[in-house]
Amino acid sequence: MAKYIHVSVAWPYANGDLHVGHLAGAYLPADIFARYHRLRGNHVLMVSGSDSHGTPILLEAGKQGISARDLFEKYHERFLLVQQKVGISYDLFTHTDTENHHRVSQDFFTRLLERGYLKIETQTLLYSELEQRFLPDRFIEGTCYICGYNGARGDQCDNCGNLMETIKLINPRNRDNPQDQLVPRQTDHYFLALERFIEELNAYLEQHESHWRNHVYNFSRNFVKDLHSRPITRDIDWGIPIPLAGWEDKKMYVWFEAVIGYFSASVEWARNQGTPEAWKQWWYNPQSEIYNFIGKDNIPFHTIIWPAELLGVSGLYHDGPEPLQLPYDVPANEFMNIEGQKFSKSRHHAIWLADILERYQPDAVRYYVARAMPESTDSDFSWEGFYQSVNNELLAAWGNLVNRVTGFSYKRFAGAVPVIDALRPEDEALLARIEGGFETVGSLIERVKLREALGEAMALVREVNVYLDRREPWKRIKDDAADAARAIYTALRAIDNLKTLLAPWLPFSAQHVHHLLGYEGQVFGDQVIREYAEGERRHRALVYDPARQSGTWAKSTLQPGQPLREPAPLYTKLEDSIIPEERGRLGQPREERPIIVP
RNA sequence: GGUGAUGUAGCUCAGCUGGUUAGAGCGGUUCACUCAUAAUGAACAGGUUCGCUGGUUCGAGCCCAGCCAUCACCA
């Protein structure tokens with residue numbers, strides 16, 4: 001029976017381009033997982049969007065001299081294009097500044113308030129006389145009260161590394177305007193009483209212990225122990241309004257509303273489809289499974305705080321007895337470093353997706369990032385590794401296998417799949433071995449062990465190369481053409497199976513192989529950018545349209561005699577000169593060029 | 001400072017509840033092959049024995065304690 005699988009993907013801050021860390025941490029694993037379940041015929045709803053609020057947006061907007069809205073819309077558009085280009089198959093990639101998300105977030109707020117989960121507390125924060133507002137932490141500098149360093153930021157001291165309580169900074173000043181006077185002033189804020197969910201959260205965590213990654217589980221269990229209230233409003237003028245009179249000068253804290261996007265985007269998706277209740281198949285269906293793909297820095301927000309919000313509003317928009325579904329699994333990834341060093345936007349130590357997709361095939365990037373995916377520990381993106389993996393594994397083992405077999409068949413068997421009498425036992429054995437991959441690779445993906453799953457699929461690729469060397473159809477063609485036909489047919493069918501087994505990682509080349517084998521149609525549906533209108537505004541979104549998907553997670557039934565298409569290599573071989581070239585780009589400022597999707 | 005993780009062949013990583021000569025891919029060496037983008041296959045070499053120190057055990061990479069390094073979160 002088809003399952004309902006929700007793939008909730010971390011929402012990127014729309015204050016700069018996406019880089020390989022985003023891809024490795026959340027988007028690629030989510031996409032591999034989603035594509036697999038799509039092939040399986042499960043009902044997949046994969047959503048995410050641009051996080052358009054919060055201080056990072058304001059900071060960058062100030063730097064670029066444009067409004068917060070213009071800034072996030074610029075990066076949102078680039079997110080759509082670059083993710084379309086690298087093939088992240090969101091059912092909906094929207095943003096948090098839609099009327100829908102505002103309304104849903106406000107409904108969360110109101111419901112929590114009605115149920116007594118919100119309380120008002122008074123804080124003392126620094127008020128800017130010049131700007132007539134409370135200044136966010138990151139706009140404040142001062143002298144560290146621990147080490148005495150004069151350049152401490154409002155949230156952390158770069159000298160001693162300690163986190164700062166802004167109000168305790170010595171001689172605090174406005175980072176952007178030394179003339180400004182900062183004075184402590186009291187301000188009221190709503191706090192979410194997280195401590196009231198401790199019991200339910202512990203039960204929730206225990207229920208999932210067996211299938212969660214160890215570090216995610218242990219970390220979360222410990223986090224619950226001293227759970228305390230957190231402010232969900234703040235003094236800022238960019239964000240979602242508080243739906244209460246007298247609170248017009250405050251907005252929701254992003255940590256509170258961004259995660260609601262998983263839910264609100266599902267609601268938006270359903271409405272966009274013309275089936276406004278369809279989202280309940282995931283959110284109010286006790287049989288559905290919700291997976292949150294995130295980086296390790298976000299673990300408590302997804303295993304504790306977001307579940308608490310869901311527990312607090314359960315029943316929202318729904319009359320039935322079913323509770324809101326909490327995440328079934330939160331397979332958090334570690335971080336991907338670059339050439340042995342941490343990603344750093346300010347030092348330009350980064351690999352931007354928009355840039356590398358200008359120079360390399362999306363499946364080459366996807367393959368290497370999947371190989372080096374930081375599933376259990378921080379990993380490293382090195383250009384040497386990229387070069388080696390693409391040339392010696394992806395191209396040499398898989399690309400070459402496809403090329404040698406389709407080429408041989410095309411040339412020696414009149415441009416078609418060879419016609420055969422019966423297969424030999426070793427042919428049947430190979431196919432059985434390869435077809436076993438649907439079970440082994442599939443179950444690894446379901447357990448979100450994506451590196452291991454890819455390794456298993458690639459091991460099967462190598463088995464076909466071994467098989468060919470034993471069967472030697474290029475020799476048999478001279479003395480026993482019928483036997484050569486059996487071997488080539490077998491290899492073609494193995495390739496047809498492997499195309500599917502690798503499709504979650506390599507959707508573009510899967511389609512290419514599908515085409516070479518003479519099939520019509522598409523393995524996957526289409527990724528399109530659509531515009532949606534609301535009451536007063538409109539927004540663009542990346543959408544997966546499954547209409548033309550014909551691929552299924554099932555054994556090949558390749559027919560003898562099927563005409564092949566003229567073979568062409570799947571992958572471009574990389575020159576070793578790219579290694580010094582790419583390393584030379586690290587540390588250099590880059591310009592944001594337009595993103596062109598082929 | 002607290003919590004959670006990570007530290008295994010040149011490189012990237014596996015090693016389940018402790019048990020024979022510690023594994024894979026890539027890289028290296030040699031051989032074979034020639035259908036293939038000089039791609040493929042086979043064999044071999046490679047870890048001062050698994051960050052360091054000590055402990056538990058008949059036996060530890062896997063358990064315990066301390067330490068060192070790295071990462072994230074929290075204070």
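All values below were derived from every heavy atom in this structure, side-chain atoms included, with hydrogens, water molecules and symmetry-related copies excluded. Just so we're on the same page: letters track the sequence lines, and every chain starts at 1. This is a predicted model, so every value here is computed, not measured.
Remark: C1' of B:A14 and CG of A:Leu450 are 15 Å apart, rounded to the nearest angstrom. Note: CZ (A:Phe386) to P (B:G27) measures 16 Å, nearest angstrom. In this structure, the CD atom of A:Glu393 is 15 Å from the P atom of B:A24, given to the nearest Å. Regarding A:Asp297, its CG atom lies at a distance of 14 Å from the C1' atom of B:G4, rounded to whole Å. Rounded to a whole Å, the CE atom of A:Met336 is 16 Å from the P atom of B:A72. At whole-Å resolution of the value, CG in A:Leu227 and C1' in B:C73 are 14 Å apart. As a whole-Å value, the separation of A:Glu384 CD from B:U12 C1' is 12 Å. Counting to the nearest Å, the P atom of B:G4 and the CZ atom of A:Phe335 are 19 Å from each other.
In B:G7 the O4'-C1'-N dihedral to the base is more than 90° from 0, which defines an anti nucleotide.
Donor-acceptor pairing under 3.5 Å is lacking for the side chains of A:Tyr291 and A:Ser8. Remark: the A:Glu121 side chain and the A:His189 side chain contain no N/O donor-acceptor pair separated by less than 3.5 Å. Defined by atom type and a distance below 3.5 Å, a donor-acceptor pair is missing between the side-chain atoms of A:Lys342 and A:His349. No hydrogens or angles considered: a donor-acceptor pair under 3.5 Å links the side chains of A:Glu393 and A:Tyr367. Judged purely by distance below 3.5 Å, without hydrogens or angles, the side chains of A:Arg213 and A:Asn218 never pair a donor atom with an acceptor atom. Side-chain contact of A:His512 with A:Tyr571: a donor-acceptor pair under 3.5 Å is absent, judged by distance alone. For the residue pair A:Thr55/A:Arg234, the side-chain donor-acceptor check at 3.5 Å is satisfied. Side-chain polar atoms of A:Ser556 and A:Asn497 form no donor-acceptor pair below 3.5 angstrom. Between the side chains of A:Tyr387 and A:Asn392, no donor-acceptor pair is found at a separation under 3.5 Å. In this structure, a donor-acceptor pair under 3.5 Å is absent between the side chains of A:Ser379 and A:Glu334. No hydrogens or angles considered: nothing links the side chains of A:Tyr368 and A:Gln388 as a donor-acceptor pair under 3.5 Å.
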With 3.5 Å as the limit, what N/O pairs link the protein to nucleotides 44-47 of chain B?
none

Polar-atom pairs under 3.5 Å, protein N or O versus N or O of nucleotides 61-67 of chain B: list them with distances, or write none.
none

Kindly give the atom pairs (protein nitrogen or oxygen, nucleotide nitrogen or oxygen) under 3.5 Å for nucleotides 15-18 of chain B.
none

Give every pair of a protein N or O atom and an N or O atom of nucleotides 5-9 of chain B that lie under 3.5 Å apart, one pair per line with the distance.
residue	atom	partner	partner atom	Å
B:A5	OP1	A:Asn218	ND2	2.4
B:U6	O2'	A:Thr377	OG1	3.1

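A:Glu435 pairs by the salt bridge (Lys or Arg N to Asp or Glu O under 4.0 Å) definition with A:Arg493, not counting sequence neighbours. The ring-ring contact (aromatic ring centres under 6.0 Å, His included) check on A:His208 picks up A:Tyr204, A:His211, A:Trp212, A:Tyr328, with sequence neighbours excluded. Under the ring-ring contact (aromatic ring centres under 6.0 Å, His included) criterion, A:Phe413 pairs with no residue, sequence neighbours left out. Contacts of A:Arg583 classified as salt bridge (Lys or Arg N to Asp or Glu O under 4.0 Å), with partners at least two apart in sequence or in another chain: A:Glu339. A:Arg196 pairs by the side-chain contact (heavy atoms from CB on, under 4.5 Å) definition with A:Tyr117, A:Ala193, not counting sequence neighbours.
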- Encode nucleotides 33-42 of chain B as B, S and - characters from 5' to 3', where the letter depends on protein heavy atoms closer than 4.0 Å: B to the base, S only to sugar-phosphate, - to neither. SSBBB-SBSS

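Comparing the same atom, C1', in B:C68 and in B:A32 gives a spacing of 49 Å after rounding to whole Å. Comparing B:G47 with B:C11, their P atoms sit 13 Å apart, to the nearest whole Å. Spacing between B:G18 and B:A45 at atom P, rounded to whole Å, works out to 32 Å. Distance check on atom P: B:A9 versus B:U49 gives 12 Å, rounded to whole Å. Separating the C1' atom of B:C62 from that of B:G55 is a span of 16 Å, rounded to the nearest Å. Here, B:G66 and B:U56 have their C1' atoms 15 Å apart, quoted to the whole Å.
Side chains of A:Ile299 and A:Ser220 form a contact here, defined as non-hydrogen atoms less than 4.5 Å apart. Side-chain contact check for A:Arg347 versus A:Gln341: some heavy-atom pair is nearer than 4.5 Å.
Between A:Ala372 and A:Phe223, the residue anchored closer to the 5' end of RNA chain B is A:Ala372, taking for each the nucleotide with the nearest heavy atom. Residues A:Asn222 and A:Asp380 each lie close to RNA chain B; by heavy-atom proximity, the contact nearer the 5' end of the strand is made by A:Asn222.
Helical stems involving RNA chain B, defined as 3 or more consecutive Watson-Crick or G-U pairs under 3.5 Å, span B:1-7 with B:68-74, B:10-13 with B:23-26, B:28-32 with B:40-44, B:51-55 with B:63-67.
Within 4.0 Å of A:Ser409, counting heavy atoms only, lies no atom of the nucleic acid at all. Residue A:Lys342 is in sugar-phosphate contact alone, with no base atom involved, counting any heavy-atom pair closer than 4.0 Å across all strands shown. Contact annotation for A:Arg371: backbone-only contact, meaning every heavy-atom pair under 4.0 Å involves sugar-phosphate atoms and none involves a base.
A cation-pi arrangement is present between A:Lys296 and A:Phe335, with the terminal nitrogen or guanidinium carbon under 6.0 Å from the aromatic centre and inside a 45° cone about the axis.
Smallest separation of non-hydrogen atoms from A:Leu468 and A:Ala491: CD2-CB, 3.9 Å. Annotation for A:Trp352 and A:Leu18: closest pair CE3-O, 3.6 Å, computed over non-hydrogen atoms. In terms of heavy atoms, A:Val405 sits closest to A:Ile488 at CG1-O, 4.2 Å.
For RNA chain B, none of the residues of residues 496-518 of chain A falls under the heavy-atom distance limit of 4.0 Å.
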